[in-house]
Structures are given as structure tokens and as C-alpha cells.
Amino acid sequence: METSYKAYKALLNKLSDINYSAAVLGWDQEVYMPTKGADRRAQQLSTLSGISHELFTAETTGTLLEALAKDASLNEEEQANVKETARSYKDSKKYPTEFVMLMSRTTSEAFQAWDKARKSNDFSVFAPFLQKLIDLKKHECKLLGYTEHPYDALLDQFERGMTCKQLDTLFDEVKRELVPLVKQIAACKQNEHAFLHLHFDKQKQWDFGIDLLKQMQYDFESGRQDVSSHPFTTSFSAEDVRVTTRINETDLSEMIWSCIHEGGHALYEQGLKADNYGLPSGEAVSLGIHESQSRMWENQVGRSLAYWKKNYPTLQGYFPEQLKTISVEDFYKAINVVQPSFIRTSADELTYHFHIIIRYELEKALIEGSLEMKDLPAAWNKKYKEYLGIDVPSDAMGVLQDIHWSHGGFGYFATYSLGSFYAAQFFAQAQKDIPGLEAQIEKGELSNLLQWLRTNIHQHGKRYNPNELCKRVTGEELRFSHFLAYAKNKFLPLYGIDNK
Ligand code: CO
């Protein structure tokens, strides 16, 4: 067999052809597929993932990677690609086929049970399946291997190199700083935001969303937007990156910030080097860094006063009746209301992180065995009281609200918070590197910011791990202090609190 870098590239291209074809089917499933197509679609997707797994884990792949690891003629980027592929190859070889099949069967049963449990507000329906998943995940931690905490093995799959030790330190600081800040804000007079719930015509919202994506320089010749029940971004190559949005006629916020958020994810995918198709250097580095891109556009840019000084007149043009008496300053206050709530997906920029910390702490406790399944709902409610000061009214609005666990997604939630913290740190650096950035945003000129992201983050793909990338871009590892400074600078004035 041929063991050249050319053969390696050809293999990875072939794998990507299969995986991205599956992604097209997945996109269609969420956006256009009629309900009756579901069973066959599941079969088609499972066939493709089987073919891809078989091809990737073949002994010939191992031989090829071993030969290339010793090939001194490769340049640095080529070596990094081979190393990254070898790491995923090693990981995927750790899973026995029976385990993969058992996991797949258990998650589909668990999903059904979760759906039923949530609808009937009955945790006991989901509990035995969740227990099975936890047992399987514990086993998976052993298969993957870890040094300190079993949960590290799960974290590492989503955020390379992340550990409980690092997260515990980070989240302790988040709690120490944000619990009092949120309490301080909650004691203030709340800003008016009821007008966001007037009636806003669907088509006009859609048109405005397209305006915003164009202004961000999302490339419509390398992508398109559609509607789905849960907004998402998916990519079939750097030259075909799809986004979806959701439109609620009585909640203007849903469309606007899902559009900007997914737009941010999409700009990252469109900014990967098209020639690196299929290679690690042509793929996004991690979920946390991916989320940093969506959140920076959504929050640092899309919830700033400067951004709305430019875009609010356009929005008023679409909805003159609803917004004629609302000033841009009042609009800015309304879109930045901080209020503890039960549901993660509708939480504000600050309280959001408690939703994440709670899930992280509970997942970790279940995996290490310090929390029993029967005590999970009570533990959930206790933490909501402790961190956010609210009483969870039902398990449907509490422990059963997210789909992730039923899919076996453990170790994933933390990347959402990491994304926000990376976003604040990157944006602080962009403000230093781009003179007059705020004035540019105020004029709707976003190209310098996008160019900065392209140069510093997008073009590298998986070339550096998240930690290394963060250090290269900002000169230091991830630090919560950047998010805290951003939060205080923004929210204290919004609530008329002195920032001493
Ligand atoms: Co996202």
C-alpha cells in the first residue's frame, strides 16, 4: 500500500465526503424532511456512519499513520495533521463494536423515555435509562483512560486537554464573582422589555435577519439560511455552510440573536481554509472555541449599544408601529435584562453560567458516584436555589429540560461557558489590536473585526489546541477576569450601579 502524505490526504478526503454527505442528510432531516421519512433517514445515516467508521478504523489506516509519523520530510503543518488524526484513530480504536451498539441502542431508548418523562413531568420514567447511560459513560471513561478524574476523559472529547481541576478552579471564581453581581442586579429596578413581545410579522423578521447576516459578511454564495425548530449551523465544506433560524412572532429576540449567533458559527466555518478540506487543519478546533465565535457576535457585538445605533433605525423601519416610542437606549436596556430563570436556553448573559455550572457539577457527581440517581432532582433544585435564588416549580422545568443527557452528551455543557469566556478574552484583544473598533461597529463596518478573527483564529483550524490558540491570540491562557471586566463594564451602568 502507498504510505505517502498524498495517500493520507486522499483517505481523509474520502472520509469527509462520506461524513459531509451524512451532514447533508442531517440538515435536510431538520429543515425539509417530511415526518414519514424519519425511519429510513435514520437507517441511511447509520449506514453512512458505519461505512465511515469502518474505513477510518481499518488496520491500513493505522499502518499509514505509523509510517507518516516517522516521515521526516513532512513540514510542521503536515506533521500536526498526522498527529491529530493519529490521536482520533487511537481513540476510536478504544471502542469495542458491542459497546458502540449498546450505547446507540440505549440512547435511542433514553431519548424516548426522556420525551415521555418531560411531557408527563415524571422523572421516574427517565431515571432508569439515565442510570444505564451513566453506567455506560463510566465504562467509556475507563475505555478512553484518564489521569486524575474519570470525567476528564469525557471533557477531553469536546475540549481537548480540559480537566475537572481546571474547570473547578474556573467555576469557583465564576461563582465567587457572579453570584453577588447577579444578586446586586436583581435587587435593582428592572428595565422595561415587554415591547419585545408585541406582534412582529414573520416575513419582516426574516428580512431583517438576512440584513444582519449580510452586514456580518456571511457569504450567501457559500451558504444559505432556512428555518428549523432549533437553530443550528452545519457545514459540508468551507464553501457550503448552512445556518437555520427560528421565528417567534411574539418574541423578537429569538430570531435576532439566533441569527447573529449562528452567523458567528458560520463565519468560523467559512473562514477555514477551503484547500484543507478533510484535514484537521481544515476543521474547527473545539466546541468551546466554536462557541466563542458565535457568542462574540451575539453578545460583545450584537448586544452592544454601538451595534444598535447602526441597526435600530433599520429595525424601526420594519416595525414602525411597535417601536416608534422606544429609543435606542431603551431598546439596548431591554435586550440586556438580567433575571434569574429556570430555563437555560432563554437565560441572559450572566445567569446563563449558573445553568452550566449546575449541570457540570451534577454530571461530575454522577460519574464519580458521589450522587445517586434518585437524589438528582432534589440536588438540581437545591443548586438553583443556592446559585440563582429561585425555586424550581417542576422537574419538567428543572432536571428534565435539556435533551443532551438523553443523547448521552456528558462533558459537553461546560463548552458553552468556556465559549463565552473565550469570547470576552478574544474581544478584549481585538479591541486592543483594532483601533476605533467601536466606532466601526457603530457604522456597521464589521470587516476589520472579521479579518482579525480570520487571521488569528479561523484559518488555523485544529493546528493548535484551544489552550495554545488562546495563548497565541491573547498572550495568556483562558482567564475569567476578561469576562468579569466585560460584564461589570456593561451591566453595572445598565442598572445604574456605581462601578467602583
Ligand atoms: Co452555539
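Each ligand, and each atom within it, is numbered from 1 in the order the structure gives.
Annotation: ring pair (Phe, Tyr, Trp, His ring centres under 6.0 Å) contacts of Phe491 (sequence neighbours excluded): none. Residues satisfying the ring pair (Phe, Tyr, Trp, His ring centres under 6.0 Å) criterion with Phe232, sequence neighbours excluded, are absent altogether. With sequence neighbours excluded, the residues satisfying side-chain contact (heavy atoms from CB on, under 4.5 Å) with Lys471 are Glu477.
The shortest side-chain heavy-atom distance between Tyr318 and Phe200 does not fall under the 4.5 Å cut-off.
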Legend entry - salt bridge (charged side-chain N to carboxylate O under 4.0 Å, His left out) between Glu249 and Lys202, worked out: CA-CA 6 Å; Glu249 290 198 306; Lys202 218 172 196 164; over 6 Å; no

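You'll find the ring centres of Phe421 and His482 outside the 6.0 Å limit.
Around the Co ion (ligand 1), protein N, O or S atoms at a distance under 2.8 Å total 3; waters are neither shown nor counted.
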